[in-house]
Amino acid sequence: VCDNSNPSQLRFHLLAPTQEEAETLARETETACDGAVVLPYGLAEFEARVRTLGEEPMWTTALATVERSTSAYAVPVARWDRDKKHTSPYNHARFYAPQLIDG
């Protein structure tokens, strides 16, 4: 991305398991993409920001523990949509991110 654009016009929102890991990744990204704005979030900090919007991150609710593949009340879910990648908080965070991005 940085090689094909003007880095000063880029904003990266990085989400990592902890704030410290996010800040480390941010420093490495800033070095590789000089001029870009890099905003790091640990998962707990991201969840707190979502709550400021009056929302509860879905992966922290009882809904996240419902076995959707066997529930009579759930929309049928393909096997690939139940793997670790697709059920990860990091996958679901992208749906909350647009509301959190300022400018």
Side-chain angles (χ1 to χ4, degrees):
V1 171
C2 298
D3 292 339
N4 296 318
S5 61
N6 178 351
S8 66
Q9 296 179 345
L10 299 174
R11 288 174 62 103
F12 294 101
H13 295 262
L14 301 177
L15 181 58
T18 67
Q19 185 69 31
E20 182 180 350
E21 290 173 284
E23 289 170 0
T24 298
L25 183 56
R27 281 191 299 277
E28 293 169 358
T29 302
E30 287 169 344
T31 301
C33 197
D34 191 32
V37 174
V38 183
L39 303 170
Y41 305 96
L43 186 58
E45 291 77 19
F46 187 86
E47 291 170 351
R49 293 219 35 214
V50 169
R51 289 183 186 106
T52 67
L53 300 172
E55 302 285 340
E56 183 64 29
M58 65 79 52
W59 60 88
T60 65
T61 69
L63 179 62
T65 62
V66 172
E67 178 49 58
R68 298 181 305 153
S69 63
T70 58
S71 173
Y73 304 103
V75 173
V77 179
R79 182 175 296 147
W80 62 264
D81 200 20
R82 296 188 308 265
D83 64 18
K84 286 186 178 189
K85 176 178 75 174
H86 289 92
T87 58
S88 163
Y90 303 99
N91 181 50
H92 294 284
R94 64 194 167 103
F95 296 108
Y96 296 94
Q99 298 175 64
L100 298 175
I101 296 172
D102 303 322

J.: Roughly how far, to the nearest 0.5 Å, is CD of E45 from OG1 of T18?
T.: 8.0 Å
J.: Kindly indicate whether the side chain of P89, heavy atoms from C-beta on, has any atom under 4.5 Å from the side chain of F46.
T.: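 When only atoms from C-beta onward are counted, F46 and P89 do not touch, as no gap falls below 4.5 Å.
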J.: Quick check for you: to the nearest 0.5 Å, what is the distance between T61 atom OG1 and E55 atom CD?
T.: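 If I round to the nearest 0.5 Å, the distance is 11.5 Å.
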J.: With a 6.0 Å cut-off (strictly less than), is the heavy-atom count around CG of N6, excluding the residue itself, greater than 12?
T.: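 More than 12 heavy atoms, drawn from other residues, nucleotides or ligands, come within 6.0 Å of this atom.
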J.: Can you tell if the side chain of C2 reaches within under 4.5 Å of the side chain of L10, non-hydrogen atoms only?
T.: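 Yes. Closest side-chain heavy atoms under 4.5 Å.
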J.: Checking S88 side chain against K85 main chain: does a donor-acceptor pair fall under 3.5 Å?
T.: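 Checking the backbone N and O of K85 against the side chain of S88, no donor-acceptor pair under 3.5 Å is found.
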J.: What residue among T29, V37, L25 forms side chain to side chain contact (heavy atoms under 4.5 Å, CB included) with F12?
T.: T29
J.: What distance do T24 atom OG1 and Q19 atom CD have between them, rounded to the nearest 0.5 Å?
T.: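 T24 OG1 to Q19 CD: 10.0 Å, rounded to 0.5 Å.
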J.: Might you work through the side chain to side chain contact (heavy atoms under 4.5 Å, CB included) test for Y90 and L43, ending with a clear yes or no?
T.: CA-CA 8 Å; Y90 303 99; L43 186 58; 3.9 Å; yes
J.: About how many Å separate CG of L39 and CG of L100, when rounded to the nearest 0.5 Å?
T.: 11.0 Å
J.: Judged by modelled atom types alone, do R49 and T52 share a side-chain donor-acceptor pair under 3.5 Å?
T.: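 No, no side-chain donor-acceptor contact under 3.5 Å.
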J.: Roughly how far, to the nearest 0.5 Å, is the CD atom of E21 from the CG atom of L14?
T.: 12.0 Å
J.: Run the salt bridge (Lys or Arg N to Asp or Glu O under 4.0 Å) test against E56 and tell me which residues pass, sequence neighbours left out.
T.: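 Residues passing salt bridge (Lys or Arg N to Asp or Glu O under 4.0 Å) with E56: R51.
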J.: Would L53 and F95 show up in the same hydrophobic cluster when neighbours are defined by side-chain heavy atoms closer than 4.5 Å?
T.: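 Unlinked, L53 and F95 end up in two clusters.
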J.: In terms of the angle between their ring planes, are H13 and Y41 parallel, tilted or perpendicular, with boundaries placed at 30° and 60°?
T.: parallel
